[in-house]
Amino acid sequence: MSAAIDEDAGEKSVSSASAGPVWKHGLYAASAWLLAAIVTIAFPDVVPWGSRDVFVALLVAGAMILAGLAFSVEKLGRFGRGLMHYGPWLIVLGLWFAVWELITAKLGWMPKPFFTPPHGLLHVYIVDWQRILICIAYTARLWTIGFFSGIIVGFIGGVALGWSKNFAYWGMPVLKLIGPVPASAWIPATFFLFPTTFQASLFLVALASGIPVAILTASGVNSVNRSFYDVARTLGASSRYLVLRVAIPAALPHVFVGLFMGLYYSFAVLVVAEMLGAKYGLGWYLQFQTAYSAYANVYAMLIVMALLCSGLVKLLFVARDRLLGWQKGVVQW
Amino acid sequence: MVAFGTTRVAVDNSAGLSVDFHGVSHQYDLDGQPLPVLRQIDLAVAPGEFVALLGPSGCGKSTLLRLAAGLERPSSGEVLANGTIVARPDPSRVLVFQDPTLFPWRTVRDNVAIGPEARGVLPGSQKRIDGALRLVKLEAFASAFPHQLSGGMAQRAALARALINDPRLLLLDEPLGRLDSLTRLTMQEELLALWRQAEYTVILVTHDVEEALLLSGRVIVLTERPARIKAEVAVDLPYPRRRDDPRIVAQRQHILEILGFSA
Ligand SMILES: Nc1ncnc2c1ncn2[C@@H]1O[C@H](COP(=O)(O)OP(=O)(O)O)[C@@H](O)[C@H]1O
Ligand SMILES: [Mg+2]
C-alpha cells in the first residue's frame, strides 16, 4: 500500500526521505540479498555448478553494503539519490536471485543443460574470463574500425549527396537501390570477395552502419531551410561556410537518427559475421559454446553483450545531448 | 555608421549606398510556367535615404529586396549599388528577413557573430558583438537559444546580426510584421533611432501604411503582381513624427486611396 508513496519519497523529495533516518528500501534490499545468500548456501545443488561460495560471499557483501548505505545514503549526494531511485530494483534483484537459485540449482525444475543458476554464470566469468576478454577485444577492434569507417564515409557521402546535385544524380539511385538490402544479405558474397574474413566482416559492419547515416545525412542536408543559406550568404558566407556551419549543424538531428540506426544494425551484422568464420569475438564465442552445449557460457556472454551494446547506445545518447542540447524545447525528446 | 559601445570604427566607406533599379523585370519559374513578378521597375534610392515599399501581398516586394541583396539576378534590367551591378550577396547590403531566421542551434550571441565569423574576422569582433547585443538590448540573453526568445527579441537579434556588419544598405522585409502592436511601436522607434545615428540607406518593406509614413522619407506604392510602381509619396516631415499628426493622417488617407481603399 505504501510502496508507491515510499518510492515517490525516494525519488523526488530527498528531504522527506532523510527525515526518516533510514533508507527503508536499502534495508529491504539487504534482506532480500541475504535471503538469496541463505537459499544458495542452505540447500544442496542438484548438480554442482561451481563458484557457489564465491556467489554467496558476493551476496553477503552486497547485503552488508546495502545495509550500510541504508544509514548513510543521503550523505552521498547525486550518487545517493540515484541509488535511492533504484531501491525497488535492488530489492527485486535480491528476490529474483533467491527464486532463480531455487528453481534451477535447488529444485531442478528447469531443464538442466539449458538453464543455469546465477552462481553458474559467475563460475563462467571466474573460469573463462581470459577468453572472454580476448573475445571482447577482438570484437571491439572489429566494431570500432568498422563502425567508425562506416559512419565517416556515410556522413561525408551523405553531405555530398545532400549538397551537390551531381553527386545526388549519380549517387542517390545507387543508395536507394542498395540501402534497403539487409547487410547480412551481403555475407556470402563478401566472404569470397575479400581475402580475409576479418576484412569481410569489417566491410559488413561499415556497410551496415554507413548506409543509414548516409541516407539520413543526405535527407537532413536536403531539408535545411533555404532561408538559412540566404541569411548566411547575405552576411558574407562562402560555400565552405554554408556546408560546414549551416548545412551540417542544421542536418545534425537527422544525422543522429542515422547514427542510432547504424549502431543497431552494426551490432546485428557484427555478431552474425563473427559467427561465420571468425576466430575469437563475441559472436564466435556464442557459436562455439552453443556447439559444446555450454549454455552457461552463452548466457554469461549474452550479459556481457547486453552491457556493452547498451553502454554504447548510452554513449551515443550522451553525445547527442551534448551536440543537440539546443533542440530541447524545440522538439519533444 | 553605428557605434558599437566603445569601438566606433570610423571607416569612410560606411556611408549609405545608392541603389538604382533600371528597367528591372523578374520572373520565377512555377511548375514550368513563367510567373512574372516584377515589371519594368525604375527606382533610384539616394545614399542615406529611408524608403518604404508598400503593396498588396504577393506582389513582389520581397523579390525586389532579394534582387537588391544580390540573392537573385533580375530576369532583365539591372540593379546597381553605388553604380556597380549587384551580382552576388555582400555583407555591405544586408537583408533582414520577415522571419527572424535565427539559427536554432546557435545562441543569440553566436547568431550575431555569423557575419564576422563568415568573413573570418571573428577574433577581433568580440567587443563589437557585445556592442550590437547592447544596442538591441539583448545582452542579458546572449547565451539564450532562439527558442527561448519572444518574437520581438528574436527580431531584435536578427537586427543585431545584420547591423554588426556595418551595412551600407539595410533591406528590411516586414521586420515587424509578426510583432504585437506594443513591441512594434518600440521597435519602430529603435529602427528609426538606429538609422538616424548611422548613415546607411534603408529600404523597408511593410504592409502598414502608418509605419511607412512614420519612418520613411518616401513611400513607393506597388501594383498587384507583376508589380510596377504605382505611386511615390514624399514624406517631408521632421522626426520624430506623431501618428496623430494631421499631415500623417492626410497622407495615410491618400495612400490608402491609391491602394484602392476609399474609406
Ligand atoms: N522562389 C520562388 N519560386 C517561384 N515563385 C516565387 C518564388 N518566390 C516568390 N514567388 C512568387 O512570387 C510572387 C511574389 O513573391 P514575393 O516577392 O515574396 O511577394 P511579397 O513579398 O510582395 O508578398 C508570389 O506570387 C510568390 O508566390
Ligand atoms: Mg514578402
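Convention: sequence-line order gives letters A, B, ...; per-chain numbering from 1. As the structure is a prediction and not an experimental result, all values here were calculated from the model.
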Novice: Apply side-chain hydrogen bond (donor to acceptor under 3.5 Å, both in side chains) to B:Arg156 and list each qualifying residue two or more places apart in sequence or on a separate chain.
Specialist: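 B:Arg156 satisfies side-chain hydrogen bond (donor to acceptor under 3.5 Å, both in side chains) with no other residue.
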
Novice: Strictly less than 4.5 Å between heavy atoms, which residues of residues 61-68 of chain B line up against chain A? Please order them by number.
Specialist: B:Arg66

Novice: Between the side chain of B:Arg119 and the main-chain N/O of A:Gly236, is any donor-acceptor distance below 3.5 Å?
Specialist: no

Novice: Is there a side chain to side chain donor-acceptor pair (under 3.5 Å) between A:Ser227 and A:Asn225? Walk through the geometry before answering.
Specialist: CA-CA 5 Å; A:Ser227 319; A:Asn225 184 349; 3.0 Å; yes

Novice: Which atoms of B:Glu117 come close to chain A, meaning under 4.5 Å heavy atom to heavy atom: side chain ones, backbone ones, both, or neither?
Specialist: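 When you check distances to chain A, atoms from both the backbone and side chain of B:Glu117 fall under 4.5 Å.
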
Novice: Using 4.0 Å as the upper bound for N to carboxylate O, is an ion pair formed by B:Asp130 and B:Lys127?
Specialist: no

Novice: Closer than 4.0 angstrom, basic N to acidic O: yes or no for A:Arg81 and A:Glu74?
Specialist: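 No salt bridge links A:Arg81 with A:Glu74.
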
Novice: Will you find, in the side chains of B:Arg184 and B:Gln155, an N or O donor that is under 3.5 Å from an N or O acceptor?
Specialist: no

Novice: Can you pull out the residues in residues 243-274 of chain A with any heavy atom less than 4.5 Å from chain B?
Specialist: A:Arg245, A:Val246, A:Pro249, A:Ala250

Novice: With a 4.5 angstrom heavy-atom cut-off, could you sort out which part of A:Tyr241 is near chain B: side chain, backbone, both or neither?
Specialist: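 Only the side chain of A:Tyr241 comes within 4.5 Å of chain B.
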
Novice: Return the option, out of A:Leu242, A:Leu323, A:Val231, with the maximum number of heavy-atom pairs under 4.5 Å with chain B.
Specialist: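 The candidate making the most pairs under 4.5 Å is A:Val231.
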
Novice: Looking at B:Ser18, is its backbone amide N or carbonyl O close enough to the side chain of B:Asn82 to form a donor-acceptor pair, meaning the two atoms are under 3.5 Å apart?
Specialist: yes

Novice: Below 4.0 angstrom, N of the basic side chain to O of the carboxylate: do B:Glu78 and B:Arg73 qualify?
Specialist: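 Not counted as a salt bridge, because no side-chain N and carboxylate O are separated by less than 4.0 Å.
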
Novice: Quick check: does any side chain N or O of B:Asp90 sit under 3.5 Å from a backbone N or O of B:Ser92, one acting as donor and the other as acceptor?
Specialist: yes

Novice: Output a table of donor-acceptor pairs, distance under 3.5 Å, between side-chain atoms of residues 148-158 of chain A and any protein atom two or more places apart or on a different chain; print 'none' if there are none.
Specialist:
unit_1: A:Ser149; atom_1: OG; unit_2: A:Ile145; atom_2: O; d: 2.6
unit_1: A:Ser149; atom_1: OG; unit_2: A:Gly146; atom_2: O; d: 3.2

Novice: Against chain A, label B:Leu171 side chain, backbone, both or neither, depending on which of its atoms sit under 4.5 Å from a heavy atom there.
Specialist: neither

Novice: Taking B:Arg161 for the side chain and B:Asn111 for the main chain, is one N or O donor matched with an acceptor at less than 3.5 Å?
Specialist: no

